[in-house]
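The structure appears right after this line, and notes come after that.
It should be emphasised that the depicted structure is a prediction, and the values quoted were computed from it without experimental measurement.
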Amino acid sequence: EVPELYAVYPFRLVSFEKPNAHLGLAALDRRDYRGPISWRQDELFMAHLGRADEAADYLVQRVRNRGENLIGDERHEMRFPGFWGPGYDWLPDQCHGGMITAATQAMLLQSEGEKIFLLPAWPRHWDVDFKLHAPRRTTVELTYRDGKIQRLKVTPASRRADLVLPPHHPPL
């Protein structure tokens, strides 16, 4: 575990949009334990620190790590493709799938106070369609293709003023 990064997640005292982001990035770069395994939260830390390419790389590694797993010298085949393992101590490992969903959502949408950050750690070359919930009874539906937002619906419409687009994206 990497408790020095708990200020990034789950507490969000340090994150990509704050002036102290460099503290989280330094802790991330200096951590001893790394890898998209079981309950490790590396890609979630990366998403909250705005490191899109690294978060994507870890996410892909985690998604691909299914089916064949080793415990010591013994190989285990998972019966269902949504099972992973072993984590550190059991089969199947539900932490793996939970981290995939949490990291994916953090790459797509994060909120802080009234602000809703869209695609804060989403790779520019990945297309996506999503509908996610944000605070204050808000939903965001978005289609992102070829590095541009193609469709955006925010409910309630008044929350659209609280959206923060990625720096590389032109205003809508």
Side-chain angles (χ1 to χ4, degrees), residues 1-2 4-18 20-29 31 33-66 82 84 87 93-136 138-155 159-160 162-172:
E1 297 204 27
V2 189
E4 60 269 33
L5 283 164
Y6 287 178
V8 174
Y9 178 85
F11 300 111
R12 201 169 169 87
L13 300 172
V14 177
S15 52
F16 73 92
E17 82 289 356
K18 294 186 175 126
N20 63 3
H22 67 282
L23 297 172
L25 292 167
L28 182 71
D29 291 339
R31 72 195 187 283
Y33 301 102
R34 317 169 171 248
I37 301 164
S38 190
W39 62 61
R40 288 190 185 160
Q41 303 169 343
D42 291 17
E43 56 268 49
L44 197 49
F45 298 139
M46 292 166 183
H48 282 278
L49 291 168
R51 289 212 173 151
D53 292 336
E54 291 174 69
D57 178 53
Y58 268 55
L59 185 67
V60 168
Q61 286 182 55
R62 189 181 290 272
V63 168
R64 287 184 175 160
N65 178 19
R66 63 180 181 89
W84 292 272
D93 174 31
Q94 78 277 9
C95 297
H96 207 75
M99 189 49 52
I100 289 169
T101 57
T104 300
Q105 180 160 337
M107 292 167 69
L108 291 168
L109 184 147
Q110 294 179 40
S111 60
E112 178 71 16
E114 301 296 314
K115 294 179 182 175
I116 301 170
F117 296 94
L118 293 180
L119 309 171
W122 194 254
R124 290 185 194 187
H125 62 281
W126 282 9
D127 295 341
V128 69
D129 288 294
F130 68 83
K131 178 180 181 179
L132 291 172
H133 293 268
R136 300 186 59 221
T138 303
T139 59
V140 177
E141 298 176 58
L142 184 138
T143 300
Y144 183 76
R145 296 271 182 275
D146 301 318
K148 294 187 178 124
I149 295 173
Q150 306 289 324
R151 181 184 67 85
L152 175 64
K153 179 181 178 188
V154 181
T155 308
R159 290 281 279 151
R160 190 172 175 129
D162 298 325
L163 297 181
V164 179
L165 299 175
H168 66 272
H169 201 279
L172 295 175

Within the side chain of [X], is there an N or O that forms a donor-acceptor pair under 3.5 Å with the backbone of [Y]?
{"X": "Thr101", "Y": "Gly98", "result": "yes"}
{"X": "Asp162", "Y": "Ile116", "result": "no"}
{"X": "Gln110", "Y": "Ala106", "result": "yes"}
{"X": "Glu43", "Y": "Ala103", "result": "no"}

Checklist entry - Thinking salt bridges, do Asp29 and Arg51 make one under a 4.0 Å N-O criterion? => result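 Salt bridge present between Asp29 and Arg51.
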
Side chain to side chain, [X] and [Y], heavy atoms closer than 4.5 Å:
{"X": "Pro123", "Y": "Asp53", "value": "yes"}
{"X": "Ile149", "Y": "Thr143", "value": "no"}
{"X": "Glu114", "Y": "Arg159", "value": "yes"}
{"X": "Leu59", "Y": "Met107", "value": "yes"}
{"X": "Leu142", "Y": "Leu108", "value": "no"}
{"X": "Leu119", "Y": "Phe130", "value": "yes"}
{"X": "Met46", "Y": "Asp57", "value": "no"}
{"X": "Glu54", "Y": "Leu49", "value": "no"}

Testing the basics here: between [X] and [Y], what is the closest heavy-atom pair and its distance to 0.1 Å?
{"X": "Phe16", "Y": "Ala47", "answer": "CD2-O, 4.5 Å"}
{"X": "Asn20", "Y": "Ser15", "answer": "OD1-N, 4.1 Å"}
{"X": "Leu109", "Y": "Ala134", "answer": "CD2-CB, 4.3 Å"}

Checklist entry - Do the rings of Tyr6 and Phe45 sit parallel, tilted or perpendicular, given the 30° and 60° boundaries? => result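 Because their plane-to-plane angle lies in the 30° to 60° range, the rings of Tyr6 and Phe45 count as tilted.
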
Next on the checklist: Run the side chain to side chain contact (heavy atoms under 4.5 Å, CB included) test on Met99 and Arg40 for me, step by step, so that the C-alpha distance in whole Å, both residues' side-chain angles and the decisive distance to 0.1 Å come before the verdict.
Outcome noted: CA-CA 8 Å; Met99 189 49 52; Arg40 288 190 185 160; over 6 Å; no

To the nearest 0.5 angstrom, please state how far the [atom1] atom of [X] sits from the [atom2] atom of [Y].
{"X": "Arg12", "Y": "Glu17", "atom1": "CZ", "atom2": "CD", "result": "4.5 Å"}
{"X": "Arg62", "Y": "His96", "atom1": "CZ", "atom2": "NE2", "result": "5.0 Å"}
{"X": "Leu44", "Y": "Ile100", "atom1": "CG", "atom2": "CD1", "result": "12.5 Å"}
{"X": "Leu152", "Y": "Tyr144", "atom1": "CG", "atom2": "OH", "result": "13.0 Å"}
{"X": "Leu132", "Y": "Gln105", "atom1": "CG", "atom2": "CD", "result": "4.5 Å"}
{"X": "Lys153", "Y": "Thr139", "atom1": "NZ", "atom2": "OG1", "result": "7.0 Å"}

Item to check | side chain to side chain contact (heavy atoms under 4.5 Å, CB included) between Asp129 and Arg145, worked out | outcome: CA-CA 9 Å; Asp129 288 294; Arg145 296 271 182 275; 2.5 Å; yes

Next on the checklist: Using a 6.0 Å cut-off, check whether atom NZ of Lys115 has over 12 heavy atoms from anything other than its own residue.
Outcome noted: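 No, because the 6.0 Å sphere around NZ of Lys115 holds 12 heavy atoms or fewer from other groups.
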
